[in-house]
Amino acid sequence: MTDTSDADTTEPLLTFDEVEKRYGDTAALDGVSLSVDTGTVHCLVGPNGSGKSTLVRVALGLTRPSGGSVECHGSTVGCGFQTPTFYPDLTVGENLDVFGDITGADPGPWFEDVLARLRLDRERDRLAGDLSGGFAKKLDVALALQKEPRLLVLDEPMSDVDDVSRAELVALLDDYVTDERAALVSTHRLDEFGPVLDHLTVVESGRVVVDERAETLASSALDPDSLQRSYVDLVAGNGGGDGSDDGSDAGAVDVGSSDTVE
Ligand SMILES: Nc1ncnc2c1ncn2[C@@H]1O[C@H](COP(=O)(O)OP(=O)(O)OP(=O)(O)O)[C@@H](O)[C@H]1O
């Protein structure tokens with residue numbers, strides 16, 4: 001989490017400039033501009049179908065935008081999607097080894113601590129396909145972290161995860177994001193990210209309706225002291241709704257030294 005006194009030393013790791021993504025008549029992204037800066041936990045919220053997953057996929061270069069530009073500034077990127085993806089017929093440990101080989105990750109002792117904090121250290125010999133939904137999600141997060149990416153992109157990391165582990169995930173994220181790193185996290189659980197939130201983007205119908213750093217949130221339509229409630233009120237007032245998840249794939253992606261999609 002950012003020390004606000006360092007706010008002027010941040011640099012963007014990811015920028016969207018007037019990004020559009022159309023599926024036929026549907027504008028999944030409709031002129032989205034934002035910047036994910038170093039040292040920030042950047043939360044992305046919005047009702048079902050508002051474009052969060054599309055934004056994440058475009059950010060990772062998995063979906064080509066219809067217009068605008070996306071730049072990933074010299075960052076290694078780790079990502080986790082709504083539906084965890086790994087090899088179900090391999091154990092947790094084998095998955096970590098295989099993904100490590102694919103991405104070239106060679107994590108140090110810090111990663112053992114990550115596994116312990118996610119309580120995955122005791123699951124190493126378990127078949128990944130036999131994991132509960134919450135542990136599957138946590139394995140997905142671990143795989144995203146394994147290469148120690150500067151930019152961590154997580155799509156709904158809290159779904160299926162129990163209360164204790166959700167709190168631990170938030171704490172882990174807070175510890176992981178340093179002045180050199182950033183996290184873009186799509187979530188419906190704004191209340192849980194509130195304590196570590198540095199930047200909030202709210203999307204509705206593919207458009208950005210709030211894009212504020214935590215310290216200037218009070219000037220937006222949201223109440224920083226009652227984030228989830230005021231977010232729901234905002235969205236309900238605009239005719240939207242909040243809800244649960246659905247999803248796609250997962251894993252760790254190295255976007256390389258610089259990735260631009262235009
Ligand atoms: N591959 C696709 N083909 C057609 N339409 C799509 C496709 N992917 C997304 N959409 C549409 O784009 C819009 C945004 O979808 P997206 O999945 O990005 O929303 P979301 O905010 O992630 O929703 P949720 O919170 O339910 O996961 C929706 O109207 C969706 O139906």
Side-chain angles (χ1 to χ4, degrees), residues 14-34 36 41-70 72 77-85 133-134 136-137 140-141 144 151-161 166 169-170 183-194 197 199-212 221-222 227-251 253 255 261:
L14 174 73
T15 52
F16 272 46
D17 185 16
E18 292 294 322
V19 174
E20 301 191 4
K21 179 63 187 178
R22 296 197 163 270
Y23 293 106
D25 292 338
T26 302
L29 299 178
D30 189 5
V32 169
S33 297
L34 56 79
V36 178
V41 175
H42 188 134
C43 285
L44 178 65
V45 295
N48 291 136
S50 56
K52 302 181 299 298
S53 292
T54 304
L55 194 157
V56 165
R57 293 183 64 81
V58 168
L60 297 169
L62 300 175
T63 298
R64 184 170 285 274
S66 316
S69 67
V70 179
C72 196
V77 180
C79 58
F81 291 83
Q82 283 186 336
T83 302
T85 298
K137 202 78 196 184
D140 198 47
V141 171
L151 177 62
L152 182 65
V153 182
L154 300 175
D155 197 354
E156 283 297 333
M158 297 299 206
S159 55
D160 294 327
V161 174
R166 287 208 301 271
L169 252 178
V170 171
L184 174 65
V185 184
S186 163
T187 184
H188 289 289
R189 308 299 302 247
L190 194 48
D191 49 341
E192 290 174 341
F193 283 98
L197 181 78
H199 196 118
L200 177 64
T201 299
V202 180
V203 287
E204 273 194 276
S205 304
R207 302 187 70 88
V208 172
V209 296
V210 173
D211 187 47
E212 291 288 340
L222 297 176
L227 263 185
Q228 185 78 19
R229 185 69 259 159
S230 61
Y231 157 65
V232 170
D233 288 347
L234 173 75
V235 168
N238 290 347
D242 202 356
S244 57
D245 331 304
D246 60 60
S248 49
D249 31 12
V253 170
V255 176
V261 184

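Indexing begins at 1, ligand by ligand and atom by atom, following the structure's order. Quantities reported herein were computed from a predicted structural model and do not represent experimental measurements.
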Structural part of [X] in contact with ligand 1, heavy atom criterion under 4.0 angstrom:
X      : answer
Pro47  : backbone
His188 : side chain
Thr54  : both

Identify, by atom number and element, the atoms of ligand 1 in contact range of [X], meaning under 4.0 Å from any of its heavy atoms.
X     : value
Lys52 : 18 (O), 19 (O), 20 (P), 21 (O), 22 (O), 23 (O), 24 (P), 25 (O)
Ser50 : 19 (O), 20 (P), 21 (O)
Asn48 : 23 (O), 24 (P), 25 (O), 26 (O)
Ser53 : 17 (O), 18 (O), 20 (P), 22 (O)

Is there a heavy atom of [X] sitting under 4.0 angstrom from any atom of ligand 1?
X      : value
Gly206 : no
Gly46  : no
Lys21  : no

Run the side chain to side chain contact (heavy atoms under 4.5 Å, CB included) test against Asp191 and tell me which residues pass, sequence neighbours left out. Arg189, Gln228
Is there a donor-acceptor pair under 3.5 Å between the side chain of [X] and the backbone N or O of [Y]?
X      : Y      : value
Lys52  : Pro47  : yes
Ser33  : Glu18  : yes
Glu212 : His199 : no

For Asp233, salt bridge (Lys or Arg N to Asp or Glu O under 4.0 Å) partners two or more places apart: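 Asp233 satisfies salt bridge (Lys or Arg N to Asp or Glu O under 4.0 Å) with Arg229 only.
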Let me confirm one number: the CG-CG distance from Leu200 to Leu190, rounded to the nearest 0.5 Å. 5.5 Å
Euclidean distance, Leu55 CG relative to Leu34 CG, rounded to 0.5 Å: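 It is 5.5 Å, given to the nearest 0.5 Å.
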Kindly confirm or rule out an N or O of Ala28 lying under 3.5 angstrom from an N or O of ligand 1.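 In this structure, Ala28 places no N or O atom under 3.5 Å from an N or O of ligand 1.
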Arg207 vs Asp30, test: salt bridge (Lys or Arg N to Asp or Glu O under 4.0 Å). Steps then yes/no. CA-CA 5 Å; Arg207 302 187 70 88; Asp30 189 5; 3.1 Å; yes
